[in-house]
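One structure is given here, and the rest of the page talks about it.
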There are 2 protein chains.
Amino acid sequence: MQQAAARFADYLSRNRLRMTRERRVILEQVLAVGKHFDVDDLLVHMRNGGLRASRATLYRTLAHLVDSGMVHKVEMAKGQARYEPMLGRHHHDHLVCLKCGEIIEFESPEVERIQEEVCRRKRFTMTGHTHQIRGYCRRCSSR
Amino acid sequence: MQQAAARFADYLSRNRLRMTRERRVILEQVLAVGKHFDVDDLLVHMRNGGLRASRATLYRTLAHLVDSGMVHKVEMAKGQARYEPMLGRHHHDHLVCLKCGEIIEFESPEVERIQEEVCRRKRFTMTGHTHQIRGYCRRCSSR
DNA sequence: CCCATAATTGAGACTGAGTTTCAGTCTACG
DNA sequence: CGTAGACTGAAACTCAGTCTCAATTATGGG
Ligand SMILES: [Zn+2]
Ligand SMILES: [Zn+2]
Ligand SMILES: [Zn+2]
Ligand SMILES: [Zn+2]
């Protein structure tokens, strides 16, 4: 947390942005909710903790956190974005259960390697990717 | 086209749905615009051909075409959906240029195989997936 | 061929996620 | 301190897509 705050402060100052109370609180709460939350989860979590920030500020701050690389944005179908802190975590992709909403992570160096290879062959400069598998998790597919 | 119409008719009757003038026209226009179009492209293309259907009907019919397997829906970031006819085409995924919007296709049996393997390991029943690489195409990254 | 029934259509209202606007507030830096 | 310029929140707005409902039409049986 100390480190995270320092890293965010650094990102902000490098971009001539300011460290405000709202941004401090949002960073702290983002780390507290943990994985794969959406803006409403965050809002509710903050209210329960007696904290608040407007939706506009949430979106704005999340964009900065994403830009700083401290948080990843996971685009779900139909434009429902989720976020997850990436501090000290490795890149991974997701399996999404269509029934219960569970999100399972997976990592495949092999797939990542093939992606690079494809980009090389197509002379394409990759800046990011989304690899999402939809279906039913163990529990939901057994019933 | 004949075949496509027959296949769609078959899908419709198997689902107690009706073959209407609108649906016939939309299917024909979908095949005519070809790859990776969005609903507005389709609407404009239809107007230029002197044809028309309401937005609601377009969305409804595209959903049926997707459901029948004749068209695939490609979810882009921020919920901008694109569609592409899949008649006689093989499954593939996409590279998307963030600058000019070009969409390049790629196919990797290897990646598909790894996906299946991941699902098996996680006891996950896959119904679909999205694998999209974002970045800059050859032309856009050279300037 | 005609009818009854149920599916379909289009206009426009509506939704939900996210963005923009703008006046008042606050941070940072000298 | 003082100030330039960044930040904030409320509310208006956007955009893609969905829903509602009255009028229209396909279908299949008689
Ligand atoms: Zn990946
Ligand atoms: Zn994750
Ligand atoms: Zn390009
Ligand atoms: Zn394609």
Side-chain angles (χ1 to χ4, degrees), chain A residues 5-6 8-30 36-44 46-47 50-68 71-83 101 130, chain B residues 5-6 8-30 36-44 46-47 50-68 71-83 101 130:
Chain A
F8 193 32
D10 186 52
Y11 163 84
L12 292 172
S13 79
R14 268 184 292 106
N15 290 276
R16 276 185 225 76
L17 300 173
R18 289 165 184 184
M19 176 56 92
T20 62
R21 187 171 46 71
E22 285 78 5
R23 287 179 181 167
R24 244 186 299 269
V25 167
I26 292 168
L27 170 58
E28 171 200 317
Q29 295 300 302
V30 161
H36 308 135
F37 61 87
D38 65 19
V39 172
D40 270 336
D41 295 335
L42 187 56
L43 216 46
V44 168
M46 289 179 67
R47 287 209 180 110
L51 301 163
R52 53 154 304 152
S54 69
R55 241 158 232 286
T57 298
L58 274 183
Y59 281 110
R60 288 188 281 229
T61 302
L62 283 167
H64 286 310
L65 287 168
V66 168
D67 192 48
S68 76
V71 168
H72 273 206
K73 183 173 180 178
V74 186
E75 308 267 6
M76 314 294 280
K78 278 204 201 174
Q80 288 125 36
R82 300 192 147 257
Y83 298 84
T130 300
Chain B
F8 193 33
D10 186 52
Y11 164 82
L12 292 172
S13 79
R14 268 184 292 105
N15 290 277
R16 275 185 228 77
L17 299 173
R18 290 167 183 182
M19 176 55 92
T20 63
R21 189 170 40 73
E22 286 78 4
R23 288 178 180 165
R24 243 186 299 269
V25 167
I26 291 168
L27 170 59
E28 171 200 316
Q29 296 299 302
V30 161
H36 309 134
F37 60 89
D38 65 19
V39 171
D40 269 336
D41 294 335
L42 187 56
L43 216 47
V44 168
M46 288 178 68
R47 287 211 179 109
L51 300 164
R52 54 154 304 152
S54 69
R55 242 159 231 286
T57 298
L58 273 183
Y59 281 109
R60 289 187 282 230
T61 302
L62 283 167
H64 286 309
L65 287 168
V66 167
D67 192 48
S68 75
V71 168
H72 273 206
K73 183 174 181 177
V74 186
E75 309 266 7
M76 313 295 280
K78 280 206 200 171
Q80 288 127 37
R82 300 193 147 257
Y83 298 85
T130 300

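All chains are named by letter (A, B, ...) in the order of the sequence lines, taking the proteins before the strands, and each is independently numbered beginning at 1. The basis for the numbers below is simple: all heavy atoms, side chains too, and nothing from hydrogens, waters or symmetry mates.
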**Request:** Please lay out, stage by stage, how B:Thr61 and B:Thr20 fare under the test side-chain contact (heavy atoms from CB on, under 4.5 Å).
**Result:** CA-CA 10 Å; B:Thr61 302; B:Thr20 63; over 6 Å; no
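The CD-C1' distance, from A:Glu75 to D:dA16, rounds to 14 Å in whole Å. Atom OH in A:Tyr59 sits roughly 14 Å away from atom C1' in D:dT14 (whole-Å rounding). Summarising the geometry, the separation between CG on A:Leu62 and P on C:dA17 is reported as 15 Å, rounded to the nearest angstrom. Atoms CD (A:Gln80) and P (D:dT18) sit 11 Å apart, rounded to a whole Å. Residue A:Leu43 contributes atom CG, which lies 13 Å from atom C1' of C:dG18 at whole-angstrom precision.
Shown here is B:Arg14, whose CZ atom has more than 12 heavy atoms of other residues, nucleotides or ligands within 6.0 Å.
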**Complete:** For nucleotides 1-10 of chain D, 5' to 3', base contacts (B), sugar-phosphate-only contacts (S) and non-contacts (-) with protein non-hydrogen atoms under 4.0 Å give ----BSSBBS
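A pairwise comparison of heavy atoms in B:Arg18 and B:Arg23 identifies O-NH1, 2.8 Å as the closest pair. The two residues A:Asp38 and A:Arg82 have their closest heavy-atom pair at OD2-NH2, 3.5 Å. In this structure, A:His72 and A:Val66 approach most closely via the heavy-atom pair C-CG2, 4.5 Å. The two residues A:Ala77 and B:Glu75 have their closest heavy-atom pair at CB-OE2, 3.9 Å.
Contact annotation: A:Lys78 does not reach the phosphate of C:dG16 (side-chain N/O to OP1 or OP2, under 4.0 Å).
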